[in-house]
Every structure is written in structure tokens, then in C-alpha cells.
Amino acid sequence: MIRASERAMGIEYAIRDVVLPARELEKKGIKVIRLNIGDPGKYDFQPPKHMRDAYCKAIQDGHNYYGPSEGIPELREAIVERERKKNGVEVTPEDVRVTAAVTEALQFIFGALLNPGDNILVPSPSYPPYTGLVKFYGGIANEYLTVEENGWQPDIDDMRKKIDERTKAIAVINPNNPTGALYEKKTIREILDLAGEYDLPVISDEIYDLMTYEGKHVSPGSLTKDVPVIVMNGMSKVYFATGWRLGYFYYVDPENRLAEVREAIDKMARIRLCPNTPAQFAAIAGLTGPMDYLEEYMAKLKERRDYIYKRLSEIPGISTTKPQGAFYIFPRIEERSKWKNDKDFVLDALHEAHVLFVHGSGFGYAGEWHFRIVFLPPVEILEEAMNNFEAFMRKRLAE
Ligand code: PLP
């Protein structure tokens with residue numbers, strides 16, 4: 001047998017791992033309600049028409065060539081303008097890099113920062129590629145606690161305790177996946193203060209920035225004075241174009257402390273040639289075009305968030321914090337005597353209630369005895385899922 005690398009074999013991705021047992025059921029003709037993947041394009045959400053038109057037009061107009069590794073200049077200008085309006089940051093196109101979505105930005109940033117044994121502070125629970133990609137690049141995902149009783153805000157004292165001499169950066173995901181938390185301005189300031197004290201850059205994932213139900217997103221990029229911040233964003237969530245694989249990041253780095261990291265990232269960007277060219281034209285249309293579609297989509301999402309929160313609050317054996325952003329809810333399993341762990345719980349719910357959730361431990365240690373539900377589908381589908389799930393819980397608790 002030809003052996004694969006330990007690096008690649010060690011990768012785990014809980015969100016897709018649970019699909020295999022669901023497929024087995026589906027093969028037997030059983031309908032499974034899948035609430036595991038955060039892809040709006042699988043439900044009644046599409047990128048707005050002006051973006052779709054711009055994508056087709058770019059292809060028809062012949063923009064089918066390799067572009068610059070850092071992204072086309074017109075898009076980088078549009079990103080500067082969008083970020084100036086949203087976050088009040090004054091960056092130039094020179095500070096912006098276009099990527100194959102946030103996922104590639106993470107690869108660049110971790111690849112450029114980490115030597116074997118270095119670590120990055122990542123939230124617990126967190127979106128799994130943070131842990132997986134840090135490990136892939138030889139680093140250690142150093143998880144800091146976020147506190148459920150405090151609306152899943154980061155625990156700054158825990159963050160401080162976790163910093164050591166091999167820590168290379170602090171990653172912040174806000175609004176958060178899987179908890180739906182929206183961080184307070186005060187929390188962002190505290191994170192920046194801590195980063196400043198230990199001379200660390202902050203990596204800020206803002207992919208859900210305009211997807212909030214209560215309150216507004218605050219970017220560390222908008223508050224920093226001297227701490228270097230790398231802000232990541234893209235077309236996947238607020239612009240509903242997950243499959244286009246287009247995103248970006250930019251440096252807010254007033255003292256140019258990231259000069260070497262920037263050079264390393266540019267080297268990585270050059271060996272992968274360039275991001276998708278026609279999609280970049282569509283992204284310009286998205287960033288500079290009307291945003292009224294978002295209001296309509298957020299109204300739908302809020303209705304779904306309120307519905308699922310209400311239903312979950314009525315189900316015995318679990319408790320739920322109301323998410324303030326994104327499209328995930330992360331209930332806690334209170335009644336634990338019936339299952340070995342949260343994965344056992346999720347598999348039992350799949351086999352018995354035919355609903356597919358993701359086990360919380362797949363998002364890090366603070367996710368244990370929780371599960372994540374995606375509330376993107378219309379209320380009728382959520383209703384069927386919650387009816388099945390409620391019946392399952394009542395039956396199990398009576399056993
Ligand atoms: N970051 C977070 C917090 C996410 O939840 C996701 C997708 O679910 C991503 C990044 C992936 O984004 P992209 O499609 O831009 O790679």
C-alpha cells in the first residue's frame with residue numbers, strides 16, 4: 001500500500017463526516033431532513049440577480065484568463081470602498097488580497113505564520129477548518145473558551161492563560177459559527193488590548209458581518225490603533241454565493257509589522273496562480289450594487305431563527321441560547337444519561353427522528369454535549385424537523 005501523509009490523514013471535518021450515516025439511511029429510502037451544512041444556496045437563497053448577470057457577462061465578454069495573483073485591481077478598489085463604508089477602515093488596494101474564499105485566506109495566513117509547534121488561539125467552539133488547517137500547517141490549534149452563560153462571548157482571562165511563547169496570532173470569528181454569537185464592542189477592545197500586550201496579530205473572520213438579528217457587527221479592524229489585524233470576508237454568506245469560491249482579506253497594520261508575513265503570503269498566492277477571474281467581476285457587482293435583497297433574506301432568516309428558537313425552548317432535555325447572527329443555533333444537551341456523548345446523541349436523532357445535526361464536539365472541546373442546527377430551510381421544513389425531534393426527545397426521556 002502506498003502510504004498517505006499523516007498530515008492529510010489527520011484531517012477531520014465533523015460537518016461532512018455525519019453525512020455518511022445519513023446517506024446509508026437515504027439509500028434505504030428513508031427521508032432525512034439535513035440541517036448540517038450552512039449553505040444558503042441549497043434552500044431559497046440565491047446571489048442577487050445583478051451578481052449572476054455580471055458573472056455571465058464576464059464570461060461572455062472574454063474575462064476567462066488568469067488574472068493577477070493578488071486579484072484584479074477593480075475588485076480590490078471595490079473591496080476598499082466596501083470596507084471603508086462598513087468598518088470605517090482606511091486601507092488601499094495594496095492591502096487587499098483576493099482569494100478562493102475565506103478558506104483559502106485561512107490557508108495563506110496559517111501557512112505564512114506557522115512553523116511546526118507554533119500555535120494560533122482559536123475559539124472553542126469554532127468552525128472546524130480553523131483547527132484542521134492550523135494542524136495541517138504543522139501548528140497547534142490553541143482553543144480559548146467562549147462562555148455559553150455569557151451569550152458565547154470569549155473568555156478574555158482564558159485567552160490570556162492560553163498565550164505562550166509559541167503563540168502566533170489570535171483568531172476571532174464574529175458573528176460566530178457554530179454559536180451564532182455576536183461579540184460586544186467591549187469584548188473586541190479587550191481582545192485588541194490583549195493582542196497588543198503580547199505583540200500578536202488578530203485574525204478576524206467577518207464572513208457573517210451583515211447577517212445580524214440584534215445589534216451590529218464591530219470589526220477589530222475598525223478599532224485597532226497599532227495591533228495588526230487581518231480581516232477576512234467574502235461572497236459566500238452575505239452575498240449568498242457559496243459555490244463561487246471567492247473571498248478576500250486585507251491588512252490593517254498601521255506600523256507595518258506584518259511586512260514579512262505579507263511577503264510570505266504573496267509567495268503562496270503566486271504559486272497557486274490566481275483566484276477565479278469571472279467571479280471577481282461578479283463580486284464587484286455585489287460589493288458596489290444594491291443590498292435590498294439582504295433585507296428580504298434577513299427577514300426570512302429572522303423568522304426561521306425565531307421559530308426554531310421557540311420550538312427548541314419547548315423541548316425537554318435541552319437548553320438553547322438565542323443566536324444573534326449567522327444561521328446556526330447551538331443547543332446544549334442537559335439530559336445526558338441516555339447517550340454516551342454528543343455524537344451518540346446526534347446519531348440516535350438521525351436514526352430515530354431522521355434529522356441530521358452536527359455533534360458539538362466536532363467544533364472543539366467547549367462544544368461537547370451540544371449540537372449544531374442550521375436554520376436556513378423554510379419554516380415548514382423546520383417544523384417537520386422539530387416535530388420529529390420533539391417526539392424523539394419525549395420518547396427517550398420517558399424510557
Ligand atoms: N468562516 C466561517 C466562520 C464559516 O462559517 C465558513 C463557512 O461556513 C467559512 C469561513 C467558509 O467560507 P468560504 O466559503 O468563504 O470559504
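First listed ligand is number 1; within each ligand, the first listed atom is number 1. Because only heavy atoms are used, hydrogens play no part in the values below, and waters and symmetry mates are left out as well, while side chains stay in.
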**Q** Hey, what polar pairs (N/O, under 3.5 Å) does ligand 1 make with protein?
**A**
{"from": "ligand 1", "atom 1": "1 (N)", "to": "D205", "atom 2": "OD2", "distance (Å)": "2.7"}
{"from": "ligand 1", "atom 1": "5 (O)", "to": "N177", "atom 2": "ND2", "distance (Å)": "2.8"}
{"from": "ligand 1", "atom 1": "5 (O)", "to": "Y208", "atom 2": "OH", "distance (Å)": "2.6"}
{"from": "ligand 1", "atom 1": "8 (O)", "to": "Y208", "atom 2": "OH", "distance (Å)": "3.3"}
{"from": "ligand 1", "atom 1": "8 (O)", "to": "K237", "atom 2": "NZ", "distance (Å)": "2.8"}
{"from": "ligand 1", "atom 1": "14 (O)", "to": "S236", "atom 2": "OG", "distance (Å)": "2.6"}
{"from": "ligand 1", "atom 1": "14 (O)", "to": "R245", "atom 2": "NH1", "distance (Å)": "2.7"}
{"from": "ligand 1", "atom 1": "15 (O)", "to": "V102", "atom 2": "N", "distance (Å)": "2.8"}
{"from": "ligand 1", "atom 1": "15 (O)", "to": "S236", "atom 2": "OG", "distance (Å)": "3.4"}
{"from": "ligand 1", "atom 1": "16 (O)", "to": "V102", "atom 2": "N", "distance (Å)": "3.4"}
{"from": "ligand 1", "atom 1": "16 (O)", "to": "T103", "atom 2": "N", "distance (Å)": "3.0"}
{"from": "ligand 1", "atom 1": "16 (O)", "to": "T103", "atom 2": "OG1", "distance (Å)": "2.5"}
{"from": "ligand 1", "atom 1": "16 (O)", "to": "R245", "atom 2": "NH2", "distance (Å)": "2.8"}

**Q** Any salt bridge between D226 and R257, counting N to O under 4.0 Å?
**A**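 Answer for the salt bridge query: no.
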**Q** Is the Y65 to H63 ring centre distance short of 6.0 Å?
**A**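 Yes.
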**Q** Kindly confirm or rule out a cation-pi arrangement of R305 over Y213, judged by NZ or CZ under 6.0 Å from the six-membered ring centre and within 45° of its axis?
**A**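 Yes, a cation-pi geometry holds between R305 and Y213.
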**Q** Are Y137 and F110 near enough that their ring centres are under 6.0 Å apart?
**A**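 No, ring centres 6.0 Å or more apart.
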**Q** Using atom types as modelled, flag every donor-acceptor pair under 3.5 Å from a side chain in residues 181-198 to any protein atom, sequence neighbours excluded.
**A**
{"from": "T187", "atom 1": "OG1", "to": "Q153", "atom 2": "OE1", "distance (Å)": "3.0"}
{"from": "E197", "atom 1": "OE1", "to": "R160", "atom 2": "NH2", "distance (Å)": "3.3"}
{"from": "E197", "atom 1": "OE2", "to": "R160", "atom 2": "NH1", "distance (Å)": "2.7"}

**Q** So does L145 get a backbone contact from the side chain of D155, meaning a donor-acceptor N/O pair under 3.5 Å?
**A**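 Pair absent, no side-chain N/O of D155 close to backbone of L145.
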